Amino acid sequence: EAGVTQFPSHSVIEKGQTVTLRCDPISGHDNLYWYRRVMGKEIKFLLHFVKESKQDESGMPNNRFLAERTGGTYSTLKVQPAELEDSGVYFCASSQGRWTYEQYFGPGTRLTVT
Amino acid sequence: GDSVTQMEGPVTLSEEAFLTINCTYTATGYPSLFWYVQYPGEGLQLLLKATKADDKGSNKGFEATYRKETTSFHLEKGSVQVSDSAVYFCALRDTGGFKTIFGAGTRLFVKA
């Protein structure tokens, strides 16, 4: 069974540009999560989808970030326009259920904004 | 709000040394506690977990015990190997839920 995949693995963009990160969850997993690790600090929750619906986007830093999950399969996270402080590693995770089920994480996308 | 604090790294050990990575948490409810590991170039993997007080999680020679009285979940291994070199994250998930709260991570280097 394929795990959670993320694309690209690394992205380098200039301040003011737009970047779109993609996450493909494990097949059949309704729950999809985005997390971010900035500057070697703790990994922070960004948002949670159940199928195509956003259940909680309380961790989204500001309106420059837009997450979508059309059709309840893969998800994209767009940053527009990117700022220097957006640099970090963006992780995606998926799970079958909520409380009792393990969240499976992808390898992350390293975003560098110069 | 809920939070996790873990010891800063990096931690450098020789092969076969004893490992302890300290982790303490703050939570209003009765969270489940986790240790995740990230090997170079890979994603986060669940290493072990404990869902209630006094539970001991264990995997691959690593152990951690859920201590409610000290709000701690320290990671230990009796004899580390070079292949254990990675970043280790302590985490909790609250009773509600779905949101995992992580510590800052501790990088471990094991020398041959």
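Model, not experiment: these values are computed from the prediction. The chains referred to below are lettered A, B, ... by the order of the sequence lines, with proteins before strands, and numbering in each begins at 1.
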Please indicate whether [X] has more than 12 foreign heavy atoms, meaning atoms of other residues, nucleotides or ligands, lying under 6.0 Å from its [atom1].
X: A:Lys51; atom1: NZ; answer: no
X: B:Glu8; atom1: CD; answer: no
X: B:Glu16; atom1: CD; answer: no

Structural part of B:Gln45 lying under 4.5 Å from a heavy atom of chain A
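For B:Gln45, there is no contact with chain A at all, as no heavy atom is under 4.5 Å.
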
Give, for atom CZ of B:Phe98 and atom CG of A:Asn31, the distance between the pair rounded to the nearest 0.5 Å.
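Between atom CZ of B:Phe98 and atom CG of A:Asn31 there are 9.0 Å.
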
I need the B:Tyr36 OH to A:Phe105 CZ distance, nearest 0.5 Å.
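So the gap between those two atoms works out to 5.0 Å.
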
Could you look at [X] and say if it's the side chain, the backbone, both or neither that has a heavy atom under 4.5 Å from chain B?
X: A:Ser9; result: neither
X: A:Arg37; result: side chain
X: A:Tyr104; result: neither

Consider only side-chain heavy atoms of I, L, V, M, F, W and Y, link residues closer than 4.5 Å, and tell whether [X] and [Y] are in one cluster.
X: A:Leu66; Y: A:Leu47; result: no
X: B:Leu19; Y: B:Trp35; result: yes
X: A:Phe91; Y: B:Val87; result: yes
X: B:Leu75; Y: B:Tyr25; result: yes
X: A:Val19; Y: A:Phe65; result: yes

Worked verdict on A:Gln103 versus B:Arg93 for side-chain contact (heavy atoms from CB on, under 4.5 Å)
CA-CA 11 Å; A:Gln103 293 182 7; B:Arg93 195 172 305 145; 3.6 Å; yes

Less than 4.5 Å apart, any side-chain heavy atom of A:Glu42 and any of B:Val4?
no

With a 4.5 Å heavy-atom cut-off, do B:Lys99 and A:Ser58 have their side chains touching?
yes

Keeping A:Tyr35 on the side-chain end and B:Thr100 on the backbone end, is there a donor-acceptor pair under 3.5 Å?
yes

Tell me whether the centres of the aromatic rings in A:Phe45 and B:Phe102 are closer together than 6.0 Å.
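No.
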
